[in-house]
Trainee: 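Just dropping this structure here.
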Amino acid sequence: MGKILVTGGTGFIGSHTCIALLCAGYNIVVSDNLSRSSVESLARIQMITGTSPRFYNADVRDEAAMEQIFLDHEIDCVIHFAGLKAVSESVAMPLNYYNNNVYGTLQLLNVMNKATCKRIIFSSSATVYGGNASAPYNEDSPIEAVNPYGQTKVMTEQILRDICISDPEWSVAALRYFNPAGAHESGLLGEAPFGTPSNLFPRLAIAALSRKNVMHIYGTDYSTPDGTAVRDYIHVMDVAEGHVAALKKYSEKQNGFRTFNLGTGNGHSVYEVIHTYEEICGKKLQLHKEPRRCGDTAVSFAEVSRAKKELLWTAKADLRKMCEDSWRFASRNPRGF
Ligand code: WQD
């Protein structure tokens with residue numbers, strides 16, 4: 001059995017997926033340009049699994065560096081996480097996002113094609129569903145990204161569809177994540193974003209660790225039960241196991257292009273998440289109501305029957321477990337790593 005190349009493998013979802021792959025007995029190689037993550041992730045993976053994966057400090061846009069990986073190793077399948085993922089940042093810096101996420105994937109696919117490695121699992125996103133259609137979103141819901149980050153995922157999915165039409169030897173599983181959250185239960189690995197994160201969970205961790213405990217709530221006037229936005233938060237280890245399931249049940253068995261939602265099928269409001277987090281961390285946060293955030297939608301959650309039926313995968317962790325694991329990591333790594 002050949003190896004699995006995990007691009008962006010020192011990042012939040014990539015590093016947790018490395019753990020799931022190693023625990024499932026796969027032989028992995030990791031590449032990352034370390035622009036938004038740290039090699040410390042590899043040390044934590046080693047502490048958790050006993051294995052320190054072969055690592056290449058390489059940008060997917062660097063053709064020579066990526067070709068070297070395929071010269072050094074027999075790669076059976078690529079799990080492609082490398083890319084930028086902050087919605088608000090993508091609005092401010094669209095060229096950077098199209099360069100990293102779209103051009104980067106094109107470079108990677110060219111190298112894979114030359115190496116006749118034609119199996120890829122792609123890190124897509126629920127942001128492809130835009131916000132006009134109503135939730136729950138299934139894989140055939142209208143595609144209407146409303147920000148450059150979501151557009152990079154729409155464009156890349158189209159590129160992957162076209163490759164599969166042109167060459168039936170290609171196998172592509174595009175996994176559309178809803179809202180990954182939480183951390184590995186060891187407390188050794190979690191979401192350690194560089195700079196100031198925009199996502200709710202890492203912002204909660206910062207608020208709980210800080211002296212003032214201030215938490216901003218963006219929008220309390222949505223047409224939802226408590227006025228705050230609803231999202232489908234899914235434990236990062238459930239997302240990781242979804243990649244192992246896609247490898248086993250799709251990439252190793254079928255060709256062609258297929259999308260799969262990775263979500264729980266349940267929505268939770270911002271207030272619900274905040275109150276659960278307060279219970280877990282034992283702190284009362286100072287809540288500041290703010291106007292809605294540009295680009296936010298009211299409600300987003302997944303219809304999850306396709307992954308259940310075809311990948312034999314469902315998410316297992318509930319919101320409380322996500323908050324427990326997130327807080328354990330944050331409180332043990334107050335300055336991230
Ligand atoms: C959730 C809700 C905020 C912070 C993210 C990623 C995107 C994609 C999907 C992977 C919103 C509110 C947030 C805060 C708040 N992931 N919020 N106070 O916007 O759904 O998108 O998940 O592809 O990459 O950006 O998640 O966690 O940013 O926000 O009130 O301090 O929490 O307004 O309603 P979002 P989020």
Side-chain angles (χ1 to χ4, degrees), residues 8 11-14 16-17 36 80-92 97 100-101 122-131 135 137 145-154 156-157 174-182 191 193 196-208 210 212-224 226-236 238-239 242-243 259-264 267-277 285-302 319 322-323 326:
F12 175 40
I13 301 171
H16 287 79
T17 302
R36 298 293 172 93
H80 179 36
F81 293 103
L84 300 176
K85 66 141 191 150
V87 168
S88 50
E89 186 185 55
S90 78
V91 175
Y97 272 69
N100 269 280
N101 295 6
F122 172 60
S123 168
S124 192
S125 167
T127 45
V128 302
Y129 294 123
Y137 299 125
V146 294
N147 54 66
Y149 166 75
Q151 284 293 2
T152 69
K153 299 299 183 180
V154 171
T156 306
E157 284 193 8
L175 306 185
R176 293 172 176 169
Y177 315 151
F178 279 72
N179 287 57
E191 191 164 10
T196 307
S198 60
N199 293 147
L200 182 64
F201 266 77
R203 296 280 288 264
L204 275 168
I206 290 169
S210 67
K212 292 184 181 174
N213 304 133
V214 169
M215 190 65 202
H216 298 283
I217 301 175
Y218 299 121
T220 55
D221 59 347
Y222 286 106
S223 53
T224 59
D226 65 16
T228 62
V230 171
R231 294 289 184 275
D232 187 332
Y233 298 96
I234 174 171
H235 197 291
V236 62
D238 280 330
V239 175
H243 288 75
T259 58
F260 297 94
N261 282 342
L262 295 191
T264 67
H268 290 286
S269 74
V270 173
Y271 273 142
E272 283 179 282
V273 177
I274 289 175
H275 295 328
T276 307
Y277 213 95
L285 302 179
Q286 303 304 317
L287 306 184
H288 290 193
K289 294 181 182 180
E290 308 288 348
R292 297 181 183 187
R293 205 171 53 174
C294 173
D296 273 357
T297 58
V299 179
S300 167
F301 62 95
L319 178 63
M322 287 179 234
C323 293
S326 166

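Only heavy atoms go into these numbers, but all of them, side chains included; no hydrogens, no water, no symmetry mates. Residue indices begin at 1 and follow the sequence shown. Each ligand, and each atom within it, is numbered from 1 in the order the structure gives.
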Trainee: Taking non-hydrogen atoms within less than 4.0 Å of ligand 1, which protein residues qualify?
Mentor: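 Correct list: K85, V87, S125, Y149, F178, N179, S198, N199, L200, R203, M215, H216, I217, Y218, A229, R231, Y233, V270, R293, D296.
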Trainee: In terms of side-chain heavy atoms, does S326 have a donor or acceptor partner in Y277 at a distance below 3.5 Å?
Mentor: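 Judged by distance alone, the side chains do pair up.
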Trainee: List for me each residue that meets salt bridge (charged side-chain N to carboxylate O under 4.0 Å, His left out) alongside R203, sequence neighbours excluded, and say none if there are none.
Mentor: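 Once residues adjacent in sequence are excluded, R203 has no partner under the salt bridge (charged side-chain N to carboxylate O under 4.0 Å, His left out) criterion.
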Trainee: Once you measure the plane-to-plane angle for Y129 and Y137, does it fall in the parallel (<30°), tilted (30-60°) or perpendicular (>60°) bin?
Mentor: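 The rings of Y129 and Y137 lie parallel, inter-plane angle below 30°.
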Trainee: Could you work out, with salt bridge (charged side-chain N to carboxylate O under 4.0 Å, His left out) as the rule, every residue matching D226, not counting sequence neighbours?
Mentor: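 By the salt bridge (charged side-chain N to carboxylate O under 4.0 Å, His left out) rule, D226 matches no residue at all.
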Trainee: Looking at F260 versus H243, is the centre-to-centre ring distance below 6.0 Å?
Mentor: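 No.
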Trainee: How would you list, by chain and number, every residue that makes a ring pair (Phe, Tyr, Trp, His ring centres under 6.0 Å) with F301, sequence neighbours excluded?
Mentor: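 Partners of F301 under the ring pair (Phe, Tyr, Trp, His ring centres under 6.0 Å) test: none.
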